[in-house]
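In what follows, residues are counted from 1 in the order of the sequence shown. The figures here come from the full heavy-atom set of this structure, side chains too, leaving out hydrogens, waters and symmetry mates.
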Amino acid sequence: MTTTFETWELPARIALSDQGIGYHAANPIIEDVRDHCRRTGESPFEAFGEPREFAARTAAEQPPGLLEMVDREGMTARDYLGGQLFVLSVLVIPAVVLFAAIGRTWTFPATAAGLTGIVLLAATLFWTGGVPQAVRASGRPDLVKYAWAATPVLIVAAAMAFTTLPRERLFGIPVVAVVAVAALAVALQLREPKPSGPPSRIEAPPTTEAWFERLAGLLVGRYDLRPDRAAELTRAARARVTESGRTAEEEFGPVEEYARRVQEAEPVRRNPFWRTRPAQIVSLLVGIGIAVQAFIGWQQDGVWWAAYLIALPAGLGGVWFLIQALRGRGTQ
């Protein structure tokens, strides 16, 4: 039973998380299944079914206020930001080791140009890989374009830091210290999450009109409904409120919970090709190829800072995301 249960448990936890049931909320649910299987000798597959079916049934039985507000990928805005921070922490370790091996050194020279440029480069990678997705998952699709607009500003700032700031050595940075800090950051992010109370809720908008605007944003941004379908559902809700003579909050309750209930009855939107896993894999392969060519070209031209601080991190990041795309469930 142990092997079978462990085979079932991890997919079940992931499926529960996708339904908005976090780690600590899932613990007693998983323990109930474990106790049942231990008493009866049944496998969890026989007693409770496939993990995704089990998670869907379990989520339907939970009080709405205890569910995390996840998007259709099972992610919250915090998940997108935390995931990108984890990716950057992981990438630092092989990148630092590779730089040290190429330079045959145990100490990196710290300069104003290097330190400022690296910080801005890391900020660019974090922002591009996490912030637009987090903004969309928060249910504010109208702000996504502004999040993307900040990317070229960060890129230009990083390039200017590398090329214009002083390059005199300030002090030495031990390679071991950088690896240790990165490893500590990874370990901290892999810790078992701390228990928390019910998910925080955004305060109710002061006006009915703001409630409807928020509803449309949640349906499009967080739950990926087509804008025309979101507008149709918003009009239906508005008509019902007009007919009842009550406020939207009185009629439907908190807007985030109402948006979650509404989208559950909607079919999952078929993504355009450019958002599918095959398209992501193709684009990542192309990006990795460009990064490799840029690395070779900049090395030959003697532009070392660009080769090792732009092209190489971009290539490593592309490989990481390629692995994630190959392992992820993606949309077919």
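When the side chains of ILVMFWY residues are joined at heavy-atom separations under 4.5 Å, either directly or via intervening members, Leu85 and Leu81 end up in a single hydrophobic cluster. Criterion: ILVMFWY side-chain heavy atoms under 4.5 Å apart, direct or through other members. Under it, Leu170 and Phe108 are part of a common hydrophobic cluster. At a threshold of 4.5 Å between side-chain heavy atoms, the hydrophobic network of Ile, Leu, Val, Met, Phe, Trp and Tyr places Leu154 and Tyr146 in one connected group. Neither Leu120 nor Trp127 shares a network with the other; the hydrophobic side chains, linked directly or stepwise wherever heavy atoms of I, L, V, M, F, W or Y lie under 4.5 Å apart, form separate groups for each. Hydrophobic clustering (ILVMFWY, side-chain heavy atoms < 4.5 Å, transitive): Phe295 and Leu284 are in one cluster.
Here the side chains of Phe212 and Val255 are not in contact, with every heavy-atom distance at 4.5 Å or above. Contact check for Trp148 versus Thr128: side-chain heavy atoms found under the 4.5 Å cut-off.
A salt bridge links Glu31 to Arg34: at least one charged side-chain nitrogen sits closer than 4.0 Å to a carboxylate oxygen. Contact check on Glu232 versus Arg235 returns no salt bridge, with no Lys/Arg side-chain nitrogen under 4.0 Å from an Asp/Glu carboxylate oxygen.
Summarising the geometry of Glu42 relative to Cys37, their closest heavy-atom pair is O-CB, 3.3 Å, with the distance given to 0.1 Å. Considering all non-hydrogen atoms of both residues, Ala112 and Leu165 come closest at O-CD1, 3.8 Å. Nearest heavy atom pair, residue Leu219 against residue Ala259, reads CD2-O, 3.9 Å. When all heavy atoms of Ala182 and Ile93 are compared, the pair lying nearest together is CB-CG1, 3.7 Å. The minimum heavy-atom distance linking Gly217 with Pro141 is given by the pair O-CD, 3.3 Å. Looking at every heavy atom in both residues, Leu215 comes nearest to Ala237 through CD2-CB, 4.2 Å.
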For Glu243 and Arg240: C-alpha separation, side-chain torsions, deciding distance, then whether salt bridge (charged side-chain N to carboxylate O under 4.0 Å, His left out) applies. CA-CA 5 Å; Glu243 182 179 349; Arg240 181 171 161 183; over 6 Å; no
Side chain to side chain contact (heavy atoms under 4.5 Å, CB included), that's the test. Do Thr247 and Val241 meet it? Break it down for me. CA-CA 6 Å; Thr247 67; Val241 167; 5.9 Å; no
Take Glu9 and Thr7 through the side chain to side chain contact (heavy atoms under 4.5 Å, CB included) test and state the conclusion after the steps. CA-CA 6 Å; Glu9 181 183 0; Thr7 302; over 6 Å; no
The test is side chain to side chain contact (heavy atoms under 4.5 Å, CB included); show your working for Val92 and Leu88 and say whether it passes. CA-CA 6 Å; Val92 165; Leu88 290 176; 5.6 Å; no
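A distance of 7.5 Å separates OG1 of Thr242 from CZ of Arg238, quoted to the nearest 0.5 Å. For the atom pair Gln133 CD and Arg136 CZ, the distance stands at 10.0 Å (nearest 0.5 Å). We find the CZ-CD1 distance between Phe54 and Ile30 to be 5.5 Å, quoted to the nearest 0.5 Å. For the atom pair CZ of Arg260 and CG of Leu218, the computed distance is 12.0 Å after rounding to the nearest 0.5 Å. Between the CG atom in Asp79 and the OG1 atom in Thr76 there is a gap of 3.0 Å [rounded to 0.5 Å]. Rounded to the nearest 0.5 Å, atoms CG (Asn27) and CG (Asp32) are 11.0 Å apart.
Looking at Arg214, its side chain does come within 3.5 Å of a backbone N or O of Gly139 through a donor-acceptor pair. A distance-only check finds a donor-acceptor pair linking the side chain of Gln84 to the backbone of Leu125 [under 3.5 Å].
Glu213 meets the salt bridge (charged side-chain N to carboxylate O under 4.0 Å, His left out) test with no other residue; sequence neighbours excluded.
A perpendicular orientation is assigned to the rings of Trp8 and Phe45, their planes being inclined by more than 60° (bins at 30° and 60°). Aromatic ring orientation, Trp211 versus Phe252: parallel (interplanar angle below 30°, classes split at 30° and 60°).
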